[in-house]
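Data first, discussion second: the structure below is written as structure tokens.
The structure presented is a predicted model; accordingly, all values stated were derived computationally and were not measured. Numbers here simply count residues along the sequence, with the first being 1.
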Amino acid sequence: MTIRVLLVDDCNLFRLGLNALISAQADCSVVAQVSSGREAVHASLEVNPDVVVMDIVLAGFNVLCVVSQIKRHQPHVKVIVLTALRTEDHVRGALRAGADGYVLKDASVDELLMALRSVTKGMNYLSPDVSQHVVRRYLHPERSDTMASRLEILTRRERSILQLVAEGRTNRGAAEFLSLSPKTVEKHRAALMRKLGLRNAAELTLAAVELGLIKSPFSMPRPLELMAEGGAAPSP
């Protein structure tokens, strides 16, 4: 049996390298590769892969929503989250969304292949570091944060808006991306800032970085670049 894989990652070089490594295996075949969450859902429906391998952070998308959509429309398709993020929030969120595996990007090629083969056999796979994290939390619940997860207190829409605004989009830009009105975005933005105790745009960006919703604040457009595109610098 050949394992048919759909790759989803917004880093072209990483995705192409992963494609080459997986395709070199006799029992694996990359049937499609895309760079965004929206493309992932469409591509999965089109090529009907055995496994989708995707990062948990893709520009402009709450990837957990993408995982949920794929599993809802194609429950037979396995999903492996391949990411550099190893916090309990992200692991728990991915598993709740329906992910069958969670592999760290610093894993070996052999480990990723083991994950691919495991999930296609109906098993779940967690990277060893992630497994130890989960076990420690189970054995020592008194050490975990007693407050609700900062991610879990946000709605999916609020998470998406937090990510988009932190990436440098204006309220209007986020509204256009999500097909919402600017007023609706402003309402959600005010709500998420209140829930997280944030006071300005700088704190909002830092929160998004800490929660793993954006990869790096240095990749965001600067206010002058946004204004050159016809927008305005994000208001505090």
Side-chain angles (χ1 to χ4, degrees), residues 1-135 138 156 212-213 215:
M1 169 188 171
T2 299
I3 302 172
R4 304 173 70 255
V5 181
L6 165 63
L7 296 179
V8 187
D9 197 288
D10 54 10
C11 177
N12 290 333
L13 287 177
F14 178 81
R15 194 177 64 250
L16 290 171
L18 198 60
N19 182 4
L21 290 169
I22 292 176
S23 298
Q25 306 303 310
D27 61 341
C28 297
S29 172
V30 175
V31 293
Q33 52 172 309
V34 297
S35 60
S36 73
R38 179 179 289 117
E39 291 175 311
V41 176
H42 293 316
S44 184
L45 288 171
E46 183 176 347
V47 303
N48 194 31
D50 298 309
V51 185
V52 177
V53 177
M54 64 192 308
D55 199 346
I56 203 170
V57 179
L58 297 172
F61 268 88
N62 179 343
V63 176
L64 299 186
C65 291
V66 177
V67 175
S68 296
Q69 287 185 53
I70 291 174
K71 298 299 283 190
R72 182 168 64 252
H73 296 300
Q74 299 169 288
H76 61 284
V77 173
K78 307 299 181 182
V79 177
I80 292 177
V81 168
L82 179 62
T83 181
L85 302 172
R86 62 185 73 207
T87 67
E88 294 176 3
D89 283 335
H90 290 100
V91 177
R92 187 168 58 249
L95 295 177
R96 286 181 177 174
D100 302 278
Y102 198 101
V103 180
L104 300 176
K105 281 190 171 179
D106 59 5
S108 65
V109 176
D110 287 341
E111 183 182 337
L112 177 58
L113 294 174
M114 183 186 300
L116 282 170
R117 291 160 182 153
S118 295
V119 298
T120 55
K121 294 177 181 177
M123 298 181 286
N124 293 101
Y125 186 91
L126 296 179
S127 279
D129 286 352
V130 172
S131 299
Q132 291 174 16
H133 221 40
V134 173
V135 170
Y138 177 78
R156 288 182 175 179
L213 295 177
K215 293 180 179 178

Legend entry - Asn12: side-chain hydrogen bond (donor to acceptor under 3.5 Å, both in side chains) partners, not counting sequence neighbours: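 Expected list: Arg15.
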Rounded to the nearest 0.5 Å, how far apart are [atom1] of [X] and [atom2] of [Y]?
X: Asp27; Y: Thr120; atom1: CG; atom2: OG1; result: 8.0 Å
X: Gln74; Y: Leu45; atom1: CD; atom2: CG; result: 4.5 Å
X: His73; Y: Ser44; atom1: NE2; atom2: OG; result: 10.0 Å
X: Leu64; Y: Arg96; atom1: CG; atom2: CZ; result: 11.0 Å
X: Leu6; Y: Ile80; atom1: CG; atom2: CD1; result: 12.0 Å
X: Leu7; Y: Ser23; atom1: CG; atom2: OG; result: 7.5 Å

Legend entry - Glu111 versus Ser108, side-chain donor and acceptor atoms under 3.5 Å: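 No donor-acceptor contact under 3.5 Å links the two side chains.
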Legend entry - Asp55 and Thr83: side chain donor to acceptor below 3.5 Å: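 Checked: Asp55/Thr83 side chains pair up, N/O donor to acceptor below 3.5 Å.
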Are the side chain of [X] and the backbone of [Y] linked by a donor-acceptor contact shorter than 3.5 Å?
X: Asp10; Y: Ser36; value: no
X: Asp50; Y: Arg4; value: yes
X: Lys78; Y: Val52; value: no
X: Glu46; Y: His42; value: no
X: Ser118; Y: Tyr125; value: no

Legend entry - Shortest non-hydrogen contact from Ala40 toward Ile70: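 For Ala40 and Ile70, the tightest heavy-atom pair comes out as O-CD1, 4.4 Å.
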Inset, instruction - Identify, with sequence neighbours excluded, every residue that meets salt bridge (Lys or Arg N to Asp or Glu O under 4.0 Å) alongside Asp110. - result: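 Once residues adjacent in sequence are excluded, Asp110 has no partner under the salt bridge (Lys or Arg N to Asp or Glu O under 4.0 Å) criterion.
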